[in-house]
Amino acid sequence: MDQPIRMKSNGQISVVLNSQKAKIMSKELPDFQVVPKDIPPEHSALKEIEEDLGALVGMEEMKKMIKEIYAWIYVNKKREEMGLKARKQALHMMFKGNPGTGKTTVARLIGKLFQKMSVLTKGHLIEAERADLVGEYIGHTAQKTRDLIKKAQGGILFIDEAYSLGRGGEKDFGKEAIDTLVKHMEDKQHEFILILAGYSREMEYFLTLNPGLHSRFPLVIDFPDYNIDQLMEISARMLHEREYTFSHEAEKKLKEHLIWVKAVLSPNSFSNGRYVRNIIEKSIRAQAMRLLMLNSYDKHELMTLRSNDLVFEEDS
């Protein structure tokens, strides 16, 4: 990525969260003005969102991008106050990445921020997938899609695996859903935000299904897979939140397993943070059964997950 946010020739802004080029470019470009690191006290909404973002592992470029969106909206309001042109821009987004990389979590935080900034009146998130939009007969799909958009008014409509709307070809009702979405994205572009999410390659194909799609997503954001250290940090945070801890052997076993599973599974098949969460939840149940059978309930044992408690999907 040449810059944290890059404008494409078609007006899109593309954000890549794990690029190494930014570091190189930052050395080449001179600093014309020093930007203060501390946020002025009047920006309480941004401070609150920053705290929420701080709880997320990785996503450094995403965190920077949200600050830049906040700054752009805030400065636009200041321009309006001074009588300067401050044209509103649609904030529909596309999230590209594999499962479990934080797309839904970030969508909720964006809704919260935009509500506090009065960009959205409610800031709520409506989650949907193909079955929620596609009907069984002509006209049914358009009505289902309109109903979802109505529910999302003042908030965000988040459609996961959006590319599935285009899998059936020309005669499939999914195309009717796409056409309806495109129309309402334009007609109600400042009344709700549409976020489409899915695998990177499939979402690129999806953009070709309607000539109006590509230009209507000013923010296209890539969510990279977590590396092993980040997955271990996610597991540690999940355990801390639940008041558990790994034994040394359990921590080592989990790390070795993650190294193996990331090498064996294709990126599309590995569910990242969700995979780690499933392991922890299953292991907590296994630990409970072990303690029940041992009839041992001292505080240290109640908090400790041991290596034989770890339950991996591949073993079940």
Side-chain angles (χ1 to χ4, degrees), residues 1-17 22 25-26 29 31-54 59-95 103 106-126 149 152-158 181-197 212-222:
M1 186 178 70
D2 296 338
Q3 301 177 42
I5 292 183
R6 180 175 67 247
M7 288 294 297
K8 295 183 180 179
S9 58
N10 61 6
Q12 282 187 337
I13 301 173
S14 183
V15 180
V16 182
L17 303 188
M25 288 297 293
S26 64
L29 296 174
D31 290 328
F32 294 105
Q33 183 178 351
V34 177
V35 179
K37 291 184 178 180
D38 293 332
I39 299 168
E42 66 266 25
H43 302 297
S44 58
L46 181 57
K47 281 183 175 291
E48 188 176 332
I49 294 300
E50 273 205 313
E51 290 177 6
D52 293 335
L53 288 169
M59 301 192 196
E60 298 311 316
E61 291 297 336
M62 164 59 73
K63 295 169 184 176
K64 186 186 296 184
M65 186 273 298
I66 288 179
K67 286 184 188 178
E68 290 177 354
I69 291 177
Y70 174 90
W72 172 71
I73 294 171
Y74 187 85
V75 170
N76 247 11
K77 288 181 178 179
K78 291 297 182 184
R79 287 176 60 86
E80 281 181 334
E81 292 173 9
M82 295 295 179
L84 296 170
K85 289 183 179 179
R87 186 178 175 185
K88 283 188 175 182
Q89 182 180 341
L91 291 168
H92 303 305
M93 306 179 190
M94 182 168 289
F95 289 178
K103 296 186 291 294
V106 169
R108 286 197 184 96
L109 290 177
I110 287 172
K112 183 179 176 181
L113 175 63
F114 286 176
Q115 190 270 331
K116 288 181 178 295
M117 295 189 71
S118 301
V119 174
L120 295 171
T121 55
K122 297 178 182 177
H124 63 300
L125 184 75
I126 299 293
I149 292 171
Q153 291 292 295
I156 293 174
L157 176 57
F158 181 88
L181 286 171
V182 169
K183 183 180 187 305
H184 284 79
M185 286 170 71
E186 186 66 32
D187 295 347
K188 302 179 184 294
Q189 64 175 296
H190 303 303
E191 297 175 32
F192 82 107
I193 290 173
L194 177 65
I195 299 179
L196 302 184
L213 271 175
H214 214 278
S215 61
R216 284 177 169 82
F217 290 95
L219 289 162
V220 178
I221 302 160
D222 291 316

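The figures here come from the full heavy-atom set of this structure, side chains too, leaving out hydrogens, waters and symmetry mates. Here the structure is a predicted model, which is why all the values come from computation and not from measurement.
Within the model, atoms CZ of Phe217 and CD1 of Ile195 stand 9.5 Å from one another, a figure rounded to the nearest 0.5 Å. From Ile110, atom CD1 reaches atom CG of Leu91 across 9.0 Å, with rounding to the nearest 0.5 Å. Atom CG in Leu113 sits 12.0 Å away from atom NZ in Lys67 (nearest 0.5 Å). Put simply, CD1 on Ile193 and CE on Met185 are 11.0 Å apart, with the number rounded to the nearest 0.5 Å. Interatomic distance, Met94 CE to Asp222 CG, rounded to the nearest 0.5 Å: 11.0 Å. In this structure, CE on Met93 lies 11.5 Å from CG on Leu196, to the nearest 0.5 angstrom.
Asp52 approaches Lys112 most closely through the heavy-atom pair OD2-NZ, 2.7 Å. Taking both residues in full, the closest heavy atoms of His92 and Leu194 are given as ND1-N, 2.9 Å, listed atom of the first, atom of the second, then distance.
Counting only heavy atoms from C-beta outward, the side chains of Glu60 and Lys63 approach each other to under 4.5 Å. Between Leu120 and Lys122 there is no side-chain heavy-atom pair separated by less than 4.5 Å. Counting only heavy atoms from C-beta outward, the side chains of Lys103 and Phe158 approach each other to under 4.5 Å. At least one side-chain heavy atom of Trp72 sits less than 4.5 Å from a side-chain heavy atom of Asn76.
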Evaluation steps, side-chain contact (heavy atoms from CB on, under 4.5 Å), between Leu157 and Leu181: CA-CA 10 Å; Leu157 176 57; Leu181 286 171; 4.2 Å; yes
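With hydrogens and angles disregarded, no donor-acceptor distance shorter than 3.5 Å links the side chain of His184 to the backbone of Ile149.
Within a 6.0 Å sphere centred on NZ of Lys77, heavy atoms belonging to other residues, nucleotides or ligands number more than 12.
Applying the salt bridge (charged side-chain N to carboxylate O under 4.0 Å, His left out) test to every pair with at least one member in residues 181-196, sequence neighbours left out, gives these pairs: Lys183-Asp187, Glu186-Arg216.
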